[in-house]
Each structure stands twice: as C-alpha cells, then as structure tokens.
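Encoded as structure tokens, the structure appears first; notes follow it.
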Amino acid sequence: MGVKTVTYLTISKYRGRKLERPFFMRGAETVARELLGAVLVRTVNGVRRTALITETEAYVGAHDLACHASKGRTRRTEIMFGPAGYAYVYLIYGMYNMLNIVTAAEGDAQAVLLRSAEPMDDWDADLSGPGKLARAFHITLADRGLDITGDDLYIVKNPHYQLKVTATPRIGIDYAGEWTHAPLRFLGTQIQ
DNA sequence: TATAAGATCGCCT
DNA sequence: GGCGATCTTATAC
C-alpha cells in the first residue's frame, strides 16, 4: 500500500452546490465515489473550515459483514436504518470519533465513512485519517444524527471538478469474512 | 454485572 | 514494524 504523496491545489475560491438529501438517497458505493472531490464545510470555533474529501469507504448494508448494521438494528446502529443524509458517529478504540453519512433508502442501512481530506482556504491541519478528520472538525458522539444537509455541517460539490478514483479493500476489517477484500475504499487523486 | 474487541493514532525501537 | 491508550458496544454470564 503506497503512501499518498499527491499535493492538491488550494482552491480558495471553490464554488459548488450544497448536496441535498436526494444525493445521499442512493447506494453507499455511488455516494462514496461521488464524495471524492467534494468539500466538507463546518464552522469550528467561529472559523469556517473547508476540506477537499480525498478518501471514503462504503458500508453497503446489513448483509455487509464489515458494516456495523450487520449486527442488526441496535441502539448504536439505529441511525443507519433511518433516512439518508444524517451523521452516523461512533467512538473507536476509546478515543477516535468516526464520521459517517447515512445513505440509501430508509430501512436500508448503508453509510459512507469519511477517511481523509485535504484542508483548504489556508487551513493548516492534518486530515489524513478518519480519526484526525473528525477531531479537526470537532465531530463527537454529540453529533450523532446531525443533518448533513443542514446549516452546521454540510458538503458542497462542483460537478465540473472531478478526481481520478481508485478502489481498494477497506481498512481494518479483517473480521469481515468474504467482505474483507471487497473494493469499497475509494481514493481520489488530482487529474493532471 | 463482566468481559472482549474495535472502520485509529502516535510513539517506540 | 510493534504496541499501548481508552471507552462504547455487543454479547456472554
């Protein structure tokens, strides 16, 4: 597995359209691919922070043994069975929050994990991992169920701006049997 | 009520 | 490359 060495252009005047609920009401794989090159936006400590999404993973439903929803409909996974466009946040290893976005139809427990991003607009931050990304955007368990199409946390995409997409197996799911090697992790690299 | 393990990271050698 | 931190969740007793 190679180290990411691509340097992204700073797009300080990035403009795009805020993603509304229908965008998320599709399969997690499609949403995960199309989120590459989109921009995550949140105002943290009074400062508007933006980051170009460069790595995602799709968790495609209760039949996906890597997906937490494969354990069934529990208090933890309840949000994933709900409508699309809301945050599924959980704590891993006792210290890192993971930011996911619920996708697909209500009752179909799919979600996309945001794994890494490139800070934009002169923001000096390391967003090169899901724990670091969530920490920098101040995502915590208190944000479970947050509406991703609302005013607090949202995503903007310029359909004319595309990244080259590479698919690989997902990280850290060796327990997932036949699903361990499914190419559902997506990396976006700049097209020259 | 108790226990084991986890969609990670940072520090160590 | 290995390992410890730290706590929620699911599952077992």
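Residue numbers start from 1 in every chain, and the chains themselves are labelled A, B, ... in the order their sequence lines are given, proteins ahead of strands.
Atom-to-atom, CE of A:M80 to C1' of C:dA10 comes out at 14 Å; the value is rounded to the nearest Å. Remark: P of C:dT6 and CG of A:N97 are 15 Å apart, rounded to the nearest angstrom.
At a threshold of 4.0 angstrom between heavy atoms, the contacts of A:G131 are confined to the sugar-phosphate backbone, with no base atom among them.
A donor-acceptor pair under 3.5 Å is absent between the side-chain atoms of A:R170 and the main chain of A:E57, judged by distance alone. With A:K164 contributing its side chain and A:L187 its backbone, the two residues share no donor-acceptor pair below 3.5 Å.
Across all strands shown, C:dG2 is found opposite B:dC11 as a Watson-Crick or G-U wobble partner, with both distances under 3.5 Å.
Remark: A:R73 CZ is packed, more than 12 non-hydrogen atoms of other residues, nucleotides or ligands lying under 6.0 Å away.
Closest to the side chain of A:M98, from the set C:dC7, B:dA7, C:dA10, is B:dA7. When distances run from any side-chain atom of A:K71 to the nucleotides B:dG10, B:dA7, C:dA10, the shortest one goes to C:dA10. Of the listed nucleotides (B:dG10, C:dT9, B:dA7), C:dT9 has the atom at the smallest distance from the side chain of A:R76.
Comparing A:R144 and A:M95 by the nucleotide of DNA chain C that holds the closest heavy atom to each, the one mapping nearer the 5' end is A:M95. Where A:R135 and A:I173 each meet DNA chain B at their nearest nucleotide, the meeting point lying more 5' is that of A:I173.
Evaluation of A:Y59 against the base of B:dA7 yields a stacking contact (centre distance < 5.5 Å, interplanar angle < 30°).
Ring pair A:Y88/A:Y90: centre-to-centre distance below 6.0 Å.
One can find a donor-acceptor pair under 3.5 Å joining the base of B:dA7 and the side-chain atoms of A:Y90.
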